[in-house]
Amino acid sequence: MDMNEIKEIFFQECEEQLAELESGLLKLNDGDRDPETVNAVFRAVHSIKGGAGAFGLEDLVAFAHVFETTLDCVRSNRLEPSQDVLKVMLKSADVLADLTNAARDGGFVDESRSRALVKELEALANGETPAPSVDAPKVVAKAPEPVQAAPPTDDSGFQPVPFSFDSFGDEEAEGEGEQVFDITFRPRRELFSKGNEAALLLRDLSRIGEMSINCDIDGLPALDAMDPEDSYFGWSISLKTKKAEEDVRSVFEFAEWDCELTVKAAEAAAPAADLPMVPVPFDLSALDEVSGPAASADVSAAQTESDASKMAAAAARVEKKETAAAAAAAAQTATTAAAAAGQTIRVDLDRVDRLINLVGELVINQAMLSQSVIENDNNGTSSINMGLEELQQLTREIQDSVMAIRAQPVKPVFQRMSRIVREVADMVGKSIRLVTEGENTEVDKTVIDKIAEPLTHMIRNAVDHGIETPEKREAAGKDPEGTIKLTAKHRSGRILIELVDDGAGINRERVKQKAIDNELIAPDANLSDEEIDNLIFAPGFSTADTISDISGRGVGMDVVKRSIQALGGRISISSRPGHGSTFTMSLPLTLAVLDGMVVTVAGQTLVVPLTAIVETLQPEATAIHSFGANQRLISIRDSFCPLVDVGRILNFRSVQANPVEGVALLVESEGGGQRALMVDAIQGQRQVVIKSLEANYTHVPGIAAATILGDGRVALILDVDAVVSASRGQSLKPEMSLAATG
Amino acid sequence: MKKKVLTVDDSRTIRNMLLVTLNNAGFETIQAEDGIEGLEILEGANPDVIVTDINMPRLDGFGFIEGVRRNEKYRAIPILVLTTESDAEKKNRARQAGATGWIVKPFDPVKLIDAIERVTA
Amino acid sequence: MATKKAASGSLKLSPVLDLTEASALHGTLMSMRGRNVTIDASEVERVGVQCVQVLIAGARAWQADKKSYVVDKSSDAFAKTMQLIGIDTDLLVAKEISK
């Protein structure tokens, strides 16, 4: 491990600390007065400061220092964490994050903002005079900390002035007059009980000069009267040294409170002041003294490489129990884990991904093996079958465990959102509160990474367009402070993220008009409220000049929808005019495997995600009702449901299949209601490993991805939502007009 | 024989810096992330010296030092506290809790090693 | 832990004679009162002042008892520490005085 790696660890840790900081401050903002919350907040800033100091990141240290000082006032109950105070602190947390990023890769820091905050923080800390270091950064700030400039700071961390340790340098300069000090030293019991040792102090003293020593043992009681741990001895020492008195005293630095100590210059021998300009003969012994430890320091530096392996071994030892803990944790399928600060190890994501890929191959291989055994096993050797079943079970467990490794709570993303709400709300002069729920809900890291951007977009929209201005809200009899609620939860094998605002809701009149103007719908189209609301996701719905016109949403929502879909997710909106809107996103927990129903359509094998299927049914001729040119409905119990021929929609065949000869899969799509998908036959259910088509081929409308089945055949995974949308009359080909409304 | 150092610090950054510094200086290093783990590791590790941070979750440095000093077997182990320059009050509290000495953060590796040498045989 | 061999009245000092050893050493010596004792310090790697205090108090007690108290073997570390802290090894010896 070298300094750059440690620096990288530092920045990773900063991210965690910043998240900790923000969540703590938000808790305080909600009225939490648990001292441990305040402590955690303080620790986060303190820890960033400590690490930043080690890397010479002065700006960061200076700001963290002021922040920490103010937090310390809160911690010691000298400052009440009122809403106003927390507002400043939350902003400070944002600046701290900016400074961290700037230190990492030279990002932008609004210096005027940070300076203003420093002032505010200082004012909060009872107007105390800030530490002198506070002003320093403004000068230093001119020299930002580019990553390339790392080596010098590294050196300052790890190879300081080779010879600082006994302040020899200064001493040599002062001259080399030797002095004799008379020292008396009488340790108290406490000196020993705190782990100091008189013998070691005397040893150190002997190392800086020539020592003659006399031990006074007169205070020692008789054996049966003594307390073996008490201190009875005292020493008088005469030390001949070139060192100054303070250096002699510094030997007792750790012990001076726990002993009686006097240090006196015995002879006024050749005061150093008399000699400074006199050239002194080169003193070899002094040089030896100096070069000895310096040389060894160099050697140890040179040994870094060879020590690396020893270090790794030591690290391995340290982490042994952590690994065990991690393995245990991985064994259970992580769903909604509590945010307990468990023990963790950091693993390169590539390694995890490689493992996931291998397990994917294993799953396929296991499936193929099962298949070929079944095909060749006419006499049904049950032991082989049992073994295979066990193998399948184990494979499944391994897979779940591996997936659990990648699962992470959505918390970091949610926390980022709270900053965005603060900033955008500030910008547009609104007062908005973000409430988050279920932030410990876990989902695959890839999903988390990719969800941040669309979510940011939606949050911005909610703040900018969803929530009304305080005046409008008051006029409407609402709380002038708007609320945005962000929730995550698991539902039937997917993660559901909801974004609810209590704003004005979608202005359907305007949305519809807009859609007509943009020729997205026919002027006479008869749309339900839900369909109108969902128009905002249509490509080409919003254009720049209308952004602030629409009191609902719609800015770039098509982009949002596409990103969500690319993740295998669905998004929908429901809105109540005057009461706000709710966006619901449903995403797969992982992008690597899928439980699917394997079906045949026009001779092709397709996989339909099991999560989309409500039930399967065998249509009877009497249940099928045709209307229009090629529209058909199927009656299921008391209701009618549009029947969609998958083969026709995907252009596998040109004529609609006879429903009675096939099977209907009743599916539910996000916001799109139910549809019965017609397939020719069901082959079975199985877990499949998702292979992205887009990575190797290109996006195919109606198809989400591909997979390899047990018999080695490639099967396409159906994009149920796309098929359902297409059945509504929206085309599978994005470039086609959306004018048709079915 | 290599001297064994137990470091107790919740910051991964500092832990790594300590690890590199101490290993380079020829020490055997074992690490804990907070006071509780420090006390757990102490049993059986039997270090020659302990270096601990103050601000830590679960059990802070003061509590940890007191815990070590109360342990019949390990109470004599020298304990160095990582502290910030300015905080005389903390230094005092650490001493009262039973700290042997201190190292000012951000630590200078030479001073760290020097302090360790001073309190160990 | 300091160990004793009852028959020979000898005491082998443990390698680390720190604060936590002082009480044990004290107890061991107390239990050996009235007998001649030979102390083996050849294994000592580290010795702290408290144990030295006990050893010297022991020598004085043995002197009073008129029994012999001898450190017959000592390690370099032991000898060095004694020298460093200014303890003359004579202080660790008591002569048996036969009646």
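Note on naming: letters A, B, ... go to the chains in the order of the sequence lines (proteins, then strands), and numbering restarts at 1 for each one.
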Would you say [X] and [Y] make side-chain contact, with heavy atoms under 4.5 Å?
{"X": "C:Arg60", "Y": "A:Leu223", "value": "no"}
{"X": "A:Pro228", "Y": "C:Gln50", "value": "no"}
{"X": "C:Ile87", "Y": "A:Cys215", "value": "yes"}

**Request:** Please say whether more than 12 non-hydrogen atoms of neighbouring residues, nucleotides or ligands are located less than 6.0 Å from CD in A:Glu210.
**Result:**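 Counting neighbours around CD of A:Glu210, 12 or fewer heavy atoms of other residues, nucleotides or ligands fall under 6.0 Å, so no.
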
Just verifying a value: how many Å separate [X] [atom1] and [Y] [atom2], rounded to the nearest 0.5 Å?
{"X": "C:Ile56", "Y": "A:Leu220", "atom1": "CD1", "atom2": "CG", "result": "7.0 Å"}
{"X": "A:Met211", "Y": "C:Leu84", "atom1": "CE", "atom2": "CG", "result": "4.5 Å"}
{"X": "A:Asn196", "Y": "C:Leu19", "atom1": "CG", "atom2": "CG", "result": "11.5 Å"}
{"X": "A:Leu202", "Y": "C:Gln83", "atom1": "CG", "atom2": "CD", "result": "12.5 Å"}

**Asked** Given that the side chain runs from C-beta out, which part of C:Thr81 has a heavy atom under 4.5 Å from chain A: side chain, backbone, both or neither?
**Response** side chain

**Request:** Side chain from CB out, backbone as N, CA, C, O: work out which of these in C:Arg33 comes under 4.5 Å of a heavy atom of chain A, or both, or neither.
**Result:**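 For C:Arg33, side-chain heavy atoms alone lie under 4.5 Å from chain A.
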
Given a strict heavy-atom distance threshold of 4.5 Å, which part of [X] is in contact with chain C: side chain, backbone, both, or neither?
{"X": "A:Ile237", "answer": "neither"}
{"X": "A:Glu229", "answer": "both"}
{"X": "A:Pro221", "answer": "backbone"}
{"X": "A:Asp230", "answer": "backbone"}

**Message:** Looking at C:Gln53 and A:Phe233, would you say the former's side chain and the latter's main chain have a donor-acceptor pair under 3.5 Å?
**Reply:** yes

**Which of C:Gly48, C:Ala64, C:Gly27, C:Ala61 touches chain A most, by non-hydrogen pairs under 4.5 Å** = C:Gly48

